[in-house]
Amino acid sequence: MSAEQVSFLDRKLAAGPYPLDTLRHSTAHLMASAVQKLWPGTRFGVGPSIEHRFYYDFAFPEGVRLTDEDLPRIEQEMRRIANEKRPFSCTTVSRDEAKQRLAAMGQPYKLEILSGILEGEPITFYSHGDWQDLCEGPHVASTEQLKHFKLLSVAGAYWRGDEKRDQLTRLYGTAFWSKDDLDSYLAYLEECEKRDHRTLGRSLDLFSIHPEVGPGFIFWHPNLAIPRRAIEEFWWSEHQRRGYQPVYTPHLASEELFKVSGHLQNYGDLMYSPMDIDGQNYRVKPMNCPGHIKIFQSQIRSYRDLPIRYAELGTVYRYERSGVLHGMLRVRGFTQDDSHIFCTHEQLEGELVGVLELVKFLVRTFGYQFRAYLATRPEKSIGGNEVWEHATRALGNAAERTGISTEVDPGGGAFYGPKIDFKLKDALGREWQGPTVQCDFNLPERFALEYVGKDNLRHRPVMVHRAVLGSFERFVGGLVEHFSGRFPLWLSPVQIALIPIKDEQEEYCRSLRETLVFEGFRAQVYAQGTNLNQRVKAAQQDQVPYMAVCGGREVESKAVSLRLRTGENRGAMSFESFVAMLKEKRAAKALDL
RNA sequence: GCCGGUGUGGCUCAAUGGUAGAGCACCUGCCUUGUAAGCAGGUGGUUGCGGGUUCGAUUCCCGCCGCCGGCUCCA
């Protein structure tokens, strides 16, 4: 399935007599009743509908452990119960009555939920057949309507998301109003799995992780390091033309630095233990900002110097619990495309405009759509009202001036300032965490940053943290999935495969390669294997965008026979026009071939 | 970290309480080829690590490590 055809997330789903959430929640009830039937004595947690899916948490009787293999059994039981065509019915009861019922049913978690229901709110039970559950509903009319569902996975989950409390078994499933939608969703899940950057990372030789070296640390192979470098070069040239200055900062710093910055106090959990150097504690940096601040502070700054924009591809290390590591997307060491802008309050809005323009440009180059969220002041925060208002307004204005529509995320800001976060939408319609632009009133304060104003007095600058790609690990891992391993020309590790039909044409291919390499292209002669099919196959498997097949005819006319990795065969074209086309596609960073 | 699952040659996977097998990849030879798998042969594994049960374990049990699905958190 190609990205263009994968449309589940954009698909208009069949409507039923009730909203999908209701359908799914009812299916969760159905699942719970089936589980109850199969494992009497099971206690129930919660069973809500979530995006695309539903789940229900269970505490199974002593000794019962569920695995994926149990899912078909449960599904079967669900279908059996559904076929009984029982209506869902609702009864409102008094608190005492509810307590009695739940106690009789032996449902401690439900009792806890009951105690959380506020006085005056209705207490309702929903039942189908002889199964009932404390639930606020709503539900579909009858189990008869529950047809197109599928159980997906079993996992652990803490009661109320609190790791100090019981661990329950969570069953995930999904349900739709039409078989078509269900199939389409399952196909979508399959496509996601196929695109998984860990799978592609293996088959395309992109990266590796070596547990014996350390989990959560990425080794970039040439096939991924090449696109990364292309991105870095692009990234840097775009920053340079926008007045950013490069800086480099050390990976180790005296612990004192992180005490001043507050990271040690606030983010101590994610920092690695100190190492002793000459009796002094040092830490590996978890963030780049303190380093940039020290550069800012290395001399007295005048208002004439501002704004100062420092940019660094800064590698940081953060402790992540072993269970959360995930390929390139969640790691313990990563390189941020970090930048810090020091400016006056008056300059803030203009600076933000510049950042947002850059964000828009970079993100679109990769073919992502995005959504922006303006996160405002949270309850726990520092700084005066007028400062917050000014910065929040600056963010809003900047978004408006750059034509970026934002949704407001009330109270979602950092404690140190408001921000705009971007969510990227990939080729499958999935959302990824994207760029972030954050105003910071805290660090300038903690480090007592100053510049000398026109009035010859000391003033405190504003600081803007911003990352466009986020981290190279996560961003490129995401790109692999976005492109399904088929990078556009400008990113492809091998851009052109020169394929001799017979060994006689190998020399010709080598000479074309030389020209291409001279022109700055990454070209390889595919002479492995023993026949054309094998060579084409190898180039296809490597996802090389352009295959230049060369036989006797091509040699004679100084041409190539062009095949795209899409399978399209464009036939013969002169080598000269081939190179011209490549140059054009490369310069445009074209997403198509 | 926690719950559950899982760990066999480079990759994907099979098998068995009696010291492992296939496909792909790789190597060699034949074929000299017009757009995704030509033919034949061959190399390669102390079955994640440690311990236990057993006459004997890769297969059963325990511990550790990694990985996978989640919980929580984030770039």
Q) Could you spell out the base pairing of RNA chain B in dot-bracket, with Watson-Crick or G-U pairs whose two distances are under 3.5 Å, [ ] crossing and | to another strand? A) (((((((..((((.......)))).(((((.......))))).....(((((.......))))))))))))....
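- For B/G34 and B/U47, the P atoms lie 46 Å apart once the distance is rounded to whole Å.
- A search for side-chain hydrogen bond (donor to acceptor under 3.5 Å, both in side chains) contacts involving A/Asp196 returns A/Arg198, not counting sequence neighbours.
- Applying the side-chain hydrogen bond (donor to acceptor under 3.5 Å, both in side chains) test to A/Ser574 and every residue at least two apart in sequence or in another chain returns A/Ser577.
- Comparing the C1' positions of B/G48 and B/U54 gives a spacing of 23 Å, expressed to the nearest Å.
- With sequence neighbours left out, A/Tyr310 forms a side-chain hydrogen bond (donor to acceptor under 3.5 Å, both in side chains) with A/Arg301.
- Map A/Gln336 and A/Cys550 each onto its nearest nucleotide of RNA chain B; the residue landing nearer the 5' end is A/Cys550.
- B/U6 and B/C13: their C1' atoms are spaced 14 Å apart (whole Å).
- Using a 4.0 Å heavy-atom cutoff across all strands shown, A/Val331 reaches at least one base atom of the nucleic acid.
- Interface remark: the A/Tyr319 side chain does not form any donor-acceptor pair with the B/G1 base, using a distance-only criterion of under 3.5 Å.
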Scan nucleotides 38-46 of chain B against the protein and return all N/O pairs shorter than 3.5 Å with their distances rounded to 0.1 Å.
residue: B/G38; atom: OP1; partner: A/Gln534; partner atom: NE2; Å: 3.2
residue: B/G38; atom: N7; partner: A/Gln534; partner atom: NE2; Å: 3.3
residue: B/G38; atom: O6; partner: A/Thr530; partner atom: OG1; Å: 3.2

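- If you check distances only, the side chain of A/Gln505 never reaches the base of B/G34 with a donor-acceptor pair under 3.5 Å.
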Under 3.5 Å, which N/O atoms of the protein pair with N/O atoms of nucleotides 65-69 of chain B?
residue: B/C68; atom: OP1; partner: A/Arg198; partner atom: NH1; Å: 2.8
residue: B/G69; atom: OP1; partner: A/Arg198; partner atom: NH2; Å: 2.9
residue: B/G69; atom: OP2; partner: A/Arg198; partner atom: NH1; Å: 3.3
residue: B/G69; atom: N2; partner: A/Gly156; partner atom: N; Å: 3.1

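- Along RNA chain B, the nucleotide nearest to A/Ala467 and the one nearest to A/Ala157 differ in position, and the one closer to the 5' end is contacted by A/Ala157.
- As rounded to the nearest Å, B/G41 and B/G7 have C1' atoms that lie 33 Å from one another.
- With sequence neighbours excluded, the residues that form a side chain to side chain contact (heavy atoms under 4.5 Å, CB included) with A/Lys537 are A/Gln541.
- Interface remark: the A/Arg474 side chain does form a donor-acceptor pair with the B/C74 base, using a distance-only criterion of under 3.5 Å.
- Two rings, from A/Phe366 and A/His482, have their centers 6.0 Å or more apart.
- In this structure, A/Arg65 reaches the sugar-phosphate backbone alone: every heavy-atom distance under 4.0 Å involves primed, P, OP1 or OP2 atoms, never a base.
- A search for side chain to side chain contact (heavy atoms under 4.5 Å, CB included) contacts involving A/Glu163 returns A/Tyr158, A/Arg321, not counting sequence neighbours.
- As judged by a 4.0 angstrom heavy-atom cut-off over every strand, A/Leu66 is placed among residues touching the sugar-phosphate backbone only.
- Across B/C49 and B/G10, the matching P atoms stand 13 Å from one another, rounded to whole Å.
- Here, B/C61 and B/U53 have their C1' atoms 7 Å apart, quoted to the whole Å.
- Looking at heavy-atom distances under 4.0 Å, A/Arg535 makes no contact with the nucleic acid at all.
- Of the C1' atoms belonging to B/C68 and B/A75, the separation is 23 Å, rounded to the nearest Å.
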Can you give me every donor-acceptor pair (side chain of residues 546-557 of chain A, partner residue at least two apart or in another chain, under 3.5 Å) with its distance?
residue: A/Glu554; atom: OE1; partner: A/Gly551; partner atom: N; Å: 2.8
residue: A/Ser557; atom: OG; partner: A/Arg553; partner atom: O; Å: 3.0

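- Every residue two or more places apart in sequence or in another chain that forms a ring pair (Phe, Tyr, Trp, His ring centres under 6.0 Å) with A/Tyr109 is listed here: A/Trp159.
- Residues meeting the side-chain hydrogen bond (donor to acceptor under 3.5 Å, both in side chains) test with A/Asp503, sequence neighbours left out: A/Arg535.
- A salt bridge links A/Glu112 to A/Arg165: one of the charged nitrogens lies within less than 4.0 Å of a carboxylate oxygen.
- The base of B/A75 lies close enough to the side chain of A/Glu320 for a donor and an acceptor atom to sit less than 3.5 Å apart.
- In this structure, A/Glu193 reaches neither bases nor backbone, as no heavy-atom distance under 4.0 Å exists between it and the strands shown.
- Here, B/A15 and B/C55 have their C1' atoms 23 Å apart, quoted to the whole Å.
- Seen from the ring of A/Phe472, A/Arg228 counts as a face-on cation partner, given the 6.0 Å and 45° thresholds.
- Counting only residues at least two apart or on different chains, no salt bridge (Lys or Arg N to Asp or Glu O under 4.0 Å) pair has a member in residues 492-501 of chain A.
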